[in-house]
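A short write-up of the structure that comes next.
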Amino acid sequence: MPITGTTMTDQLAVQITGGRRLTGSTTVQGSKNIALHLYAAAILADAPLVLHGAPAILDTGVVAEILNRTGTPTAVAGEEFTTRPATSYLPVVPDDLGRRIRTTPVLGGALLTRAGQVTFPTPGGDAFCVRRIDRHLAAMEAAGAAVEVDNGLVRARFTGRRRPFVTDAETRSWGPSLGATVTAMLLAARTPGTSTVLNPSVEPEVIHTAALLASAGVPIEWQGRAALYVTGADRIAGGDFTVPPDRLEAATLVLAAAITGGTVHLDRFPAIWFPDGLASVLTDAGIRLDPVDGGTTVGAPSGPRPVGMATGPHPGYPTDAQPQLTAYLTQRTVCDVMSLLSSPERVVPMRPR
């Protein structure tokens, strides 16, 4: 889907000339956040593993380099992320790479599981906040590892026989930790017996990582949002697994089409792949999601309608798609906005995820 009037001015800026409707057809690439957790899970495989639909983003290359440097042979060709089992490990995540991504503790958990020890830097990827990793470290300690943190480096080592463990993914303020849930699953996947993750996150990143592990021979049982049970496997298979399309990228394309008054077809992205909370808000706001030829054609022929909403955990409306929705809703007239603001029963305060 070409975007006309676009000029790359330098490495840090893109100049865009507006005034045109966004129209055409495009394919939504694989989910960044899901892929990053699947890349970590690939470290556990005892046979070659191919992840199809890997997103063409910097993080994919960074993780591939981390896996190669720490022992897991990895290659990226187009949308295929391929790994082979390591013959030996150097379980030290390079500082220059580990601080560039958000999932460093998850990679650390996978390497700890495989090599029995790991050193990794605290995560990066965001310039606007510090990412707490206490739930990740708690999972490592629960699994029997001794953990030390010093000058931004985490060192963890198993000092005895591994046994089933119990860990809690709940945080004090933000609900269940998505990343810590995955870290705990990876630790449990090769631990004899059945380990328990209390208050697990049920975000798609967790669901699809669990699906990869289950398809590879790791028994996993859900007890809703209360607990997740993982039984360690002696061997974890490889094979083929597909990274699902990025729901946040899809939502951004939907809202871009609506903002510009255009119509966009999301090829091979059925409307049922939009989480319920996202689909219902988009529909209430006047955006059509029409199933066409195995994909979804989107647009807002009548313009935006006022809508009250709140962001929330899956399957609620995702926080990362809230700014785009806000931009779309600003196209309402002043009278419409004042009418919405004067009707408190229709407005739900937004809360962070």
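Residues satisfying the side chain to side chain contact (heavy atoms under 4.5 Å, CB included) test with T194, not counting sequence neighbours, are Y229, T231. Here R155 pairs with T119, D150, L153 under the side chain to side chain contact (heavy atoms under 4.5 Å, CB included) rule; sequence neighbours left out. With sequence neighbours excluded, the residues forming a salt bridge (Lys or Arg N to Asp or Glu O under 4.0 Å) with R288 are D290, listed by chain and number. By the side chain to side chain contact (heavy atoms under 4.5 Å, CB included) test, I57 pairs with Q29, K32, P55, D59, T60, sequence neighbours left out. Checked against salt bridge (Lys or Arg N to Asp or Glu O under 4.0 Å), E65 has the following partners two or more places apart in sequence or in another chain: R69. Every residue two or more places apart in sequence or in another chain that forms a ring-ring contact (aromatic ring centres under 6.0 Å, His included) with F274 is listed here: F269. With sequence neighbours excluded, the residues that form a salt bridge (Lys or Arg N to Asp or Glu O under 4.0 Å) with D46 are R114, R190. Listed by chain and residue number, R132 satisfy the salt bridge (Lys or Arg N to Asp or Glu O under 4.0 Å) test with D134 (two or more places apart in sequence, or in another chain). By the side chain to side chain contact (heavy atoms under 4.5 Å, CB included) test, E170 is found to be paired with D168, P176, N199, residues two or more places apart in sequence or in another chain being considered.
No salt bridge links R100 with D96; every basic N to acidic carboxylate O contact stays at or beyond 4.0 Å.
Identified under the ring pair (Phe, Tyr, Trp, His ring centres under 6.0 Å) test for residues 90-120, with sequence neighbours left out: none. Listed by first and then second residue, the ring pair (Phe, Tyr, Trp, His ring centres under 6.0 Å) pairs involving residues 55-108 are Y39-F81 (not counting sequence neighbours). Applying the salt bridge (charged side-chain N to carboxylate O under 4.0 Å, His left out) test to residues at least two apart or on different chains, none of the pairs has a partner in residues 223-241.
For the residue pair H265/T297, the side-chain donor-acceptor check at 3.5 Å is satisfied.
Remark: side-chain polar atoms of S195 are paired, donor with acceptor, to backbone N or O of F165 under 3.5 angstrom.
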